[in-house]
Amino acid sequence: MAKAGRPRIIKDANEMAKLWADYKEYCNNYTVTKTEFSAKEGRFISDTVKRPITATIEGFCVFVDISRSKFYQTYIDSNEEEFGDIITRMKY
């Protein structure tokens, strides 16, 4: 049961699972612009390159705009069973 006070940013485990899936999609499809000099063409050439990044709880907190300490306090340290499965997936 949630504690009285400010409402949660993430309402339930289904919403957290969807946000986690969105975040993983973002991480898997992350791109950077790579610029190299082409001696053949005599100029710099830029290209967008897919560069996946590792999905972490800390990155997820940034993605959903919640402080890491508030996330841990609300969803992990509170030991609420509702979020247990998705938190386990996020950790590993």
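The analysis underlying the following values was restricted to heavy atoms, covering all of them including side chains, and did not include hydrogens, waters or symmetry mates. Along the sequence shown, residues are numbered consecutively beginning with 1. For clarity, every value in this text was computed on a predicted model and none was experimentally measured.
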Residues at least two apart in sequence or cross-chain that pass side-chain hydrogen bond (donor to acceptor under 3.5 Å, both in side chains) with Lys11, listed by chain then number, are none
So the side chain to side chain donor-acceptor pair (under 3.5 Å) pairs with at least one residue in residues 82-92 (sequence neighbours excluded) are none
Counting only N and O atoms by type, is there a donor-acceptor contact under 3.5 Å from the side chain of Tyr23 to the main-chain atoms of Thr56? yes
Practice task
Kindly assign one of parallel, tilted or perpendicular to the pair Phe63 and Tyr26, based on the angle between their ring planes and the thresholds 30° and 60°.
Solution key: tilted
Please report the shortest heavy-atom distance between [X] and [Y], naming the atom on each side.
| X | Y | answer |
| --- | --- | --- |
| Ala55 | Trp20 | CB-CH2, 4.0 Å |
| Cys61 | Ser67 | SG-O, 4.4 Å |
| Ile53 | Tyr30 | CG2-CD2, 3.9 Å |
| Ile9 | Tyr75 | N-OH, 3.4 Å |

Atom pairs and distances, donor-acceptor, side-chain atoms in residues 40-52, under 3.5 Å, two or more places apart:
{"residue": "Glu41", "atom": "OE1", "partner": "Arg43", "partner atom": "NE", "Å": "3.1"}
{"residue": "Glu41", "atom": "OE1", "partner": "Arg43", "partner atom": "NH2", "Å": "2.8"}
{"residue": "Ser46", "atom": "OG", "partner": "Thr35", "partner atom": "OG1", "Å": "2.8"}
{"residue": "Lys50", "atom": "NZ", "partner": "Asn29", "partner atom": "OD1", "Å": "3.3"}

*Is the count of non-hydrogen atoms from other residues, nucleotides or ligands lying under 6.0 Å from Asp77 atom CG greater than 12?*
yes
CD of Glu58: more than 12 outside heavy atoms within 6.0 angstrom? yes
Does a side-chain heavy-atom distance below 4.5 Å link Met16 with Val64?
no
(Q) For residues Ile86 and Val62: do they belong to one hydrophobic cluster (side chain heavy atoms under 4.5 Å, members Ile, Leu, Val, Met, Phe, Trp, Tyr)? (A) no
(request) Evaluate the criterion side chain to side chain contact (heavy atoms under 4.5 Å, CB included) for residue pair Ile10 and Ile66; output intermediate values, then yes/no. (result) CA-CA 10 Å; Ile10 303 169; Ile66 183 174; 5.6 Å; no
